[in-house]
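Contents: one structure, followed by commentary.
Chain identifiers are assigned alphabetically (A, B, ...) following the order of the sequence lines, protein sequences preceding nucleic acid strands; residue numbering begins at 1 within each chain.
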2 protein chains.
Amino acid sequence: MCDFYDPDVNVTDTVTSRLANSGVRVTGARREVLRAIASIEGPFTIEELAAALPEVGRATVYRTVKLLQESDFVCRMVLEDGGIRYELSQGDHHHHLICSQCGRVSEFVDPGLDAIIQANADRRGFDLAGHSVELYGLCAGCR
Amino acid sequence: MCDFYDPDVNVTDTVTSRLANSGVRVTGARREVLRAIASIEGPFTIEELAAALPEVGRATVYRTVKLLQESDFVCRMVLEDGGIRYELSQGDHHHHLICSQCGRVSEFVDPGLDAIIQANADRRGFDLAGHSVELYGLCAGCR
DNA sequence: TTTAATGCAAAGCCTTTGCAACCTC
DNA sequence: GAGGTTGCAAAGGCTTTGCATTAAA
């Protein structure tokens with residue numbers, strides 16, 4: 001579901017060059033949004049992103065995030081309460097641990113989990129295109 | 001996450017009596033909403049529910065579903081696209097297979113999957129309160 | 001009779017869209 | 001210079017809320 005980034009290169013540069021290669025214009029606003037996303041650690045909301053970018057119109061923030069999402073540079077996650085957060089795409093497919101107390105989201109990878117999910121889909125004749133696993137509770141720091 | 005229903009008793013009656021016992025008034029509108037929910041097979045949207053209840057105000061539909069949700073008689077699920085659906089609470093904890101084509105949602109239970117999720121939480125010092133697993137793709141009928 | 005529940009309409013949120021001005025390429 | 005982008009404001013969805021009326025208990 002999510003793309004890889006070359007760990008040796010600045011994320012913002014990587015994305016802008018890929019964007020340029022795909023025929024999309026690299027504008028000031030887009031650079032700003034990318035910089036803001038890169039500077040935010042972890043998942044973010046449109047609200048947070050827009051707050052960090054007072055000089056960029058909200059509509060542009062929405063449009064840019066959508067663009068990045070469609071290009072797989074960021075991926076979207078839906079929280080337990082229906083709230084939506086985005087995050088820079090990580091290299092590998094992963095799942096989320098969401099703390100109900102502090103709201104922090106951490107990630108984990110478990111190929112065994114993915115395999116068992118695939119097996120469940122197969123067993124029911126379901127052609128699996130994707131899946132999401134979210135764990136809710138208290139993180140180590142909040143418990 | 002979801003409650004049990006006594007399989008020998010009509011769901012609507014079960015809920016209304018439990019509701020009454022908890023000091024909530026059993027009104028005509030609430031009975032109507034319950035009947036509509038029971039008659040819809042599988043998960044439903046507020047939209048669908050309201051459409052099935054032209055004589056009940058939309059605000060009441062929202063309020064009643066919220067009430068039922070807070071009482072654990074229905075549970076809420078968030079789809080891949082952020083859309084929200086509700087369903088009568090099932091006895092056991094389960095997961096969803098959501099067809100991207102026809103939108104139908106089916107359920108499955110897999111204790112092994114739940115165990116592996118719990119193990120991941122434990123491994124990271126996370127106090128697990130709940131989790132959601134949603135599979136997206138094409139159902140057997142649509143593929 | 002008391003007071004929770006209802007229904008309507010208005011208000012709130014969040015997100016998208018129309019459009020003229022603007023900026024990449 | 002041409003056409004994709006931006007920003008503003010308006011419009012759209014969906015959900016909640018205020019309030020007078022209605023109806024459970």
Report yes or no: does B/R85 contribute a side-chain atom to a donor-acceptor pair with the main-chain N or O of B/P43 at less than 3.5 Å?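 Yes; at least one donor-acceptor contact below 3.5 Å.
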Would a distance-only check, ignoring hydrogens and angles, find a side-chain to backbone donor-acceptor pair under 3.5 Å from A/T16 to A/T12? yes
For B/R30, give me all partners under side chain to side chain contact (heavy atoms under 4.5 Å, CB included), at least two apart in sequence or on another chain.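 In terms of side chain to side chain contact (heavy atoms under 4.5 Å, CB included), with neighbours along the sequence ignored, B/R30 is linked to B/V24, B/R25, B/T27, B/T64, B/L67.
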Those residues that, when tested against [X], pass side-chain hydrogen bond (donor to acceptor under 3.5 Å, both in side chains) (two or more places apart):
{"X": "A/D127", "answer": "none"}
{"X": "B/R76", "answer": "none"}
{"X": "A/N120", "answer": "A/R123, A/R124, B/D110"}

Could you check whether A/Q118 and A/D114, counting side-chain N and O atoms only, form a donor-acceptor pair closer than 3.5 Å? no
Identify all pairs in which a protein N or O lies below 3.5 Å from an N or O of nucleotides 23-25 of chain D, and state each distance.
{"residue": "D/dA24", "atom": "N3", "partner": "B/R25", "partner atom": "NH1", "Å": "3.3"}
{"residue": "D/dA25", "atom": "OP1", "partner": "B/V26", "partner atom": "N", "Å": "3.1"}

Overall bend - the helix from C/dT1-D/dA25 to C/dC25-D/dG1, comparing terminal axes fitted on five pairs, nearest 10 degrees: 40°
Can you pull the contact range of chain A along DNA chain C, 5' to 3', using atoms under 4.0 angstrom from its heavy atoms? C/dC14 to C/dC25
Any ring-ring contact (aromatic ring centres under 6.0 Å, His included) pairs touching residues 22-42 of chain A, not counting sequence neighbours? none
Just grab all the ring-ring contact (aromatic ring centres under 6.0 Å, His included) pairs involving residues 45-65 of chain B, residues at least two apart or on different chains.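 Pairs touching residues 45-65 of chain B that pass the test: none.
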What residues form a salt bridge (Lys or Arg N to Asp or Glu O under 4.0 Å) with B/E107, not counting sequence neighbours?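 Partners of B/E107 under the salt bridge (Lys or Arg N to Asp or Glu O under 4.0 Å) test: none.
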Which pairs pass salt bridge (charged side-chain N to carboxylate O under 4.0 Å, His left out) with one or both residues in residues 32-42 of chain B, sequence neighbours excluded? B/E32-B/R35
For DNA chain D, find the residues of residues 35-69 of chain B with a heavy-atom distance under 4.0 Å and give them by number; none if there aren't any.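 Within this stretch, B/A59, B/Y62, B/R63, B/K66 sit under 4.0 Å of the strand.
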Quick one: are the ring centres of B/H131 and A/H95 less than 6.0 Å apart?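 No.
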